[in-house]
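Notes for the one structure printed next.
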Amino acid sequence: MSSGPRTIIRLNETVSTNKDAMRLALGGEPLPLWVSAERQSEGRGRAGRTWVSLAGNLHASIAISVTAPPVLAGQLSLVSGIALYEAVHAAAQPDKIKSLRLKWPNDLLIGVAKVGGILVESTTVGDGTSFVAVAGFGLNITSAPDHLGRAVTSLREAGVEVEPGTLLQSLADELDLWLERWNGAKGFSAIRAAWMERAGPLGEPITFNSGQGGVHGTYQGLNETGGLVAEVEGKRETITFGDVMLAAAADTSDNV
């Protein structure tokens, strides 16, 4: 994985920090490289969803070069989630957010409400043994969008006051640490354990989209490569892509 002095490009407004970071990375800019913006006009989440980018919140992306099979790029969502969790947890001291947690594959929650999300995009380079990845972070610091049809919140609503720039510096420090531990997927066992410690309890009821409607089951952790393991009607299934909804969230929202 690439390493070197940290560069952060700060913008007032852009279309997408992920697009900027990938463009600069493929254009030959030294990596790692951060791009942050006060606003994004076309912020995105997973599956092409819009990420509403309000001023005062965190919108930032990092581009890195990774020496590992490109098929493992999805693990970066889990690595990034741990880093975001730790940065928010530090910002909340001494008033810890006791209900702060991760949800597979890329959400940060307070209780059942989403406070942050991660979008990882990658491009294979060279002979296929390495790739350039961009991890984009969206975090509701001062406000959360209305009328999304799902439970959302902000750090301010949880009683935490922090500046986006301060949070970004903490996030960058944490991500450096966890990327080093991940070590191009060689250290994923430690990442797997750390992620599960910050997620929900085993046996938690969940619903996931199988492509043919919602399937009900219980959360059983992660497998050895980062897929979500669920027990459905007495059988264990591994989910590698799709949306997962917490049963508790279904009681408070039509679509979480």
Side-chain angles (χ1 to χ4, degrees), residues 1-11 14-37 40-49 51 53 58-84 87 104-107 116-138 168-169 171-192 194-195 222-228 238-242:
M1 189 179 66
S2 60
S3 61
R6 181 183 303 163
T7 299
I8 301 178
I9 298 174
R10 303 177 189 271
L11 306 172
T14 189
V15 171
S16 161
T17 58
N18 260 36
K19 287 183 177 179
D20 290 341
M22 183 64 80
R23 173 179 53 81
L24 291 168
L26 297 181
E29 289 293 324
L31 304 182
L33 170 70
W34 283 91
V35 178
S36 70
Q40 297 178 114
S41 58
E42 296 179 16
R44 293 171 295 129
R46 289 180 65 249
R49 297 185 183 93
W51 181 273
S53 303
L58 176 70
H59 321 107
S61 302
I62 183 175
I64 59 174
S65 177
V66 180
T67 302
V71 70
L72 298 177
Q75 292 182 1
L76 287 170
S77 289
L78 306 176
V79 177
S80 299
I82 298 169
L84 185 59
W104 190 91
N106 65 336
D107 290 345
I118 297 157
L119 176 64
V120 172
E121 300 175 296
S122 62
T123 298
T124 303
V125 294
D127 59 1
T129 60
S130 62
F131 59 92
V132 170
V134 171
F137 298 83
L168 177 56
Q169 291 291 344
L171 172 60
D173 289 341
E174 290 290 344
L175 191 59
D176 285 350
L177 173 66
W178 289 100
L179 284 172
E180 184 177 354
R181 292 177 178 174
W182 180 63
N183 190 22
K186 297 181 182 69
F188 182 69
S189 61
I191 299 301
R192 175 177 178 269
W195 191 94
L222 304 179
N223 72 359
E224 292 75 12
T225 58
L228 182 77
T238 299
I239 306 160
T240 58
F241 181 82

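For the numbers below, each heavy atom of this structure counts, side chains included, while hydrogens, waters and symmetry mates do not. Nothing here was measured: the structure is a model prediction, and the numbers come from that model. Numbers for residues simply follow the sequence, beginning at 1.
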[X] vs [Y] side-chain heavy atoms within contact, under 4.5 Å:
X	Y	result
D173	R6	yes
W182	V66	yes
Q169	I8	yes
L24	I9	yes
R10	L168	yes
N106	L119	no
F137	W34	yes
T17	S36	no

For R23, salt bridge (Lys or Arg N to Asp or Glu O under 4.0 Å) partners two or more places apart: D20
Does a donor on one side chain sit under 3.5 Å from an acceptor on the other, for N18 and S16? no
All pairs passing salt bridge (charged side-chain N to carboxylate O under 4.0 Å, His left out) where residues 62-84 contributes a residue, at least two apart: none
Picking from L78, V79, N183, what satisfies side chain to side chain contact (heavy atoms under 4.5 Å, CB included) with F188? L78
Which atom names give the shortest non-hydrogen contact between I118 and S77, and what distance separates them? CD1-O, 3.9 Å
Kindly give the heavy-atom pair with the smallest separation between R181 and I191, and that separation in Å. CB-CD1, 4.4 Å
Side chain to side chain contact (heavy atoms under 4.5 Å, CB included), that's the test. Do L76 and I64 meet it? Break it down for me. CA-CA 11 Å; L76 287 170; I64 59 174; 4.3 Å; yes
